[in-house]
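Have a look at the structure below, then the notes.
Predicted model only: the values in this text are computed from it and were never measured. Basis for what follows: all heavy atoms, side chains included, without hydrogens, waters or symmetry-related copies. If you read the sequence from its start, that first residue is 1, and numbering goes on from there. Atoms within each ligand, like the ligands themselves, are counted from 1 in listed order.
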Amino acid sequence: MTHFLDIHKTAPEDLRAMLVQALAMKAARAGRPKGMADDDTPLAGRMVALIFEKPSTRTRISFDVGVRQMGGATMVLSGSDMQLGHGETIADTARVLSRYVDLIMLRTFEEATLLEMAEHASVPVINGLTNRTHPCQIMADVMTYEEHRGPIAGKKVVWAGDGNNVCASFLHAAGRFGFDFTFTGPEVLDPEAEFVDLARKEGARVEIERDAARAVDGADLVVTDTWVSMHDAQSTRERRHNLLRPYRIDDALMARAKPDALFMHCLPAHREEEATGSVMDGPHSVIFDEAENRLHAQKAILRYCLGV
Ligand code: CP
Ligand code: NVA
């Protein structure tokens, strides 16, 4: 069974092959209407369940469109509408779904839910975000960086703000794709030590720098994300904002990066909070290319999981 649960659980050569395939598929359908199928439809006859226990725009729509472009069918399900949200076990849900569908994409809260689904499903499971990681996003981000600037290996990637789920998958990717990673944010919002240690063990240079301006010095890529994630209690909002305000990406901070540095944000963004509108819409920003590449990268992830 080939699941896609996290970047560090997937072999580097498989990750690279997925990005190569994603780029090729993107090029092959350039200019084609979005609803028109690809020439090659490797998912013909396949049914994919897209399950969301949290809101989503990009993940939901890009997976749905991607499966259809490859000739497959989808059903988009909300966790709360399923018995899963009303006491049926994850294991039983996994076993039942495996009788109906060929692949399950799950966005959920606890990582344990995803892992239990994968353990008991007899079809591949893809991680569409948990409280801890967001691997599909970072596959699209690496693809986007390389489309614009060539190989990401050896580049300086700076993450500013909350050491959250998206940051965690960036750390996984640092190990697998061989880039340097600097985290800048308040100590209480540091990424989990386990993720930092793993990236270092895999050979990535990981630095923690509390001063945002020093951190961004010479960066090739500057990344941030919302200050309050979907799993964070709203009661922590004010405290988080106070802690994170020094890490807002504005034009002055971006000017510390290399002149050809890119700016990324997985979206949804809160303009003027974690990043100013001038940066988000400015010359360094590739945020909408990232969003588009979710579609292409995930099509390659789906093919990898289904072996087609
Ligand atoms: N970046 C991302 O995963 O967006 P959605 O929450 O809209 O899916
Ligand atoms: N860190 C954000 C990412 C959303 C795509 C969250 O988990 O809400």
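When hydrogens are left out, the protein atom nearest atom 3 (O) of ligand 1 is H134 NE2, 2.8 Å; that is the closest non-hydrogen contact. Of the protein's non-hydrogen atoms, the one nearest atom 4 (O) of ligand 1 is R58 NE, 2.9 Å. Closest protein heavy atom to atom 2 (C) of ligand 1: R294 NH1, 3.3 Å. Among protein heavy atoms, atom 8 (O) of ligand 2 sits closest to M230 N, 2.8 Å. If you check which protein heavy atom lies closest to atom 3 (C) of ligand 2, you get D225 OD2, 3.6 Å.
With atom 7 (O) of ligand 2 as the reference point, the heavy atom nearest to it among T59, T133, N131, N165 is part of N165. Comparing R107, Q137, K54 against atom 6 (O) of ligand 1, the shortest heavy-atom distance belongs to R107.
Using a distance-only test at 3.5 Å, with no hydrogens or angles considered, a donor-acceptor pair links the side chain of K54 to the main chain of T108. Remark: the backbone N or O of A94 is paired with a side-chain donor or acceptor of S98 at under 3.5 angstrom. In this structure a side-chain-to-backbone donor-acceptor pair under 3.5 Å is missing from H134 to N165.
With a heavy-atom cut-off of 4.0 Å, L267 touches ligand 1 through its backbone alone.
At a 3.5 angstrom cut-off on N or O pairs, V166 does not count as close to ligand 2. Looking at ligand 2, you'll find an N or O of S229 within less than 3.5 Å of one of its N or O atoms. Looking at ligand 1, you won't find any N or O of R60 less than 3.5 Å from one of its N or O atoms.
Inter-residue side-chain proximity for V67 and Q298 is flagged as unmet; no heavy-atom pair is nearer than 4.5 Å.
Remark: the N293 side chain and the E147 side chain contain an N/O donor-acceptor pair separated by less than 3.5 Å. A donor-acceptor pair shorter than 3.5 Å cannot be found between the side chains of R248 and T276.
If you run side chain to side chain donor-acceptor pair (under 3.5 Å) between H8 and each of R176, E202, H172, only H172 comes through.
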query = So R240 and D232, salt bridge (Lys or Arg N to Asp or Glu O under 4.0 Å) or not? Walk me through it.
reply = CA-CA 10 Å; R240 288 177 154 273; D232 290 321; 3.2 Å; yes
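When each atom of ligand 1 is checked for a heavy atom of C266 under 4.0 Å away, the hits are 1 (N). Ligand 1 places these atoms under 4.0 Å from at least one heavy atom of T57: 5 (P), 7 (O), 8 (O).
In this structure, the separation between OG1 on T144 and NE2 on H296 is 9.0 Å, given to the nearest 0.5 Å.
Ligand 2 has at least one atom lying under 4.0 Å from a heavy atom of L267.
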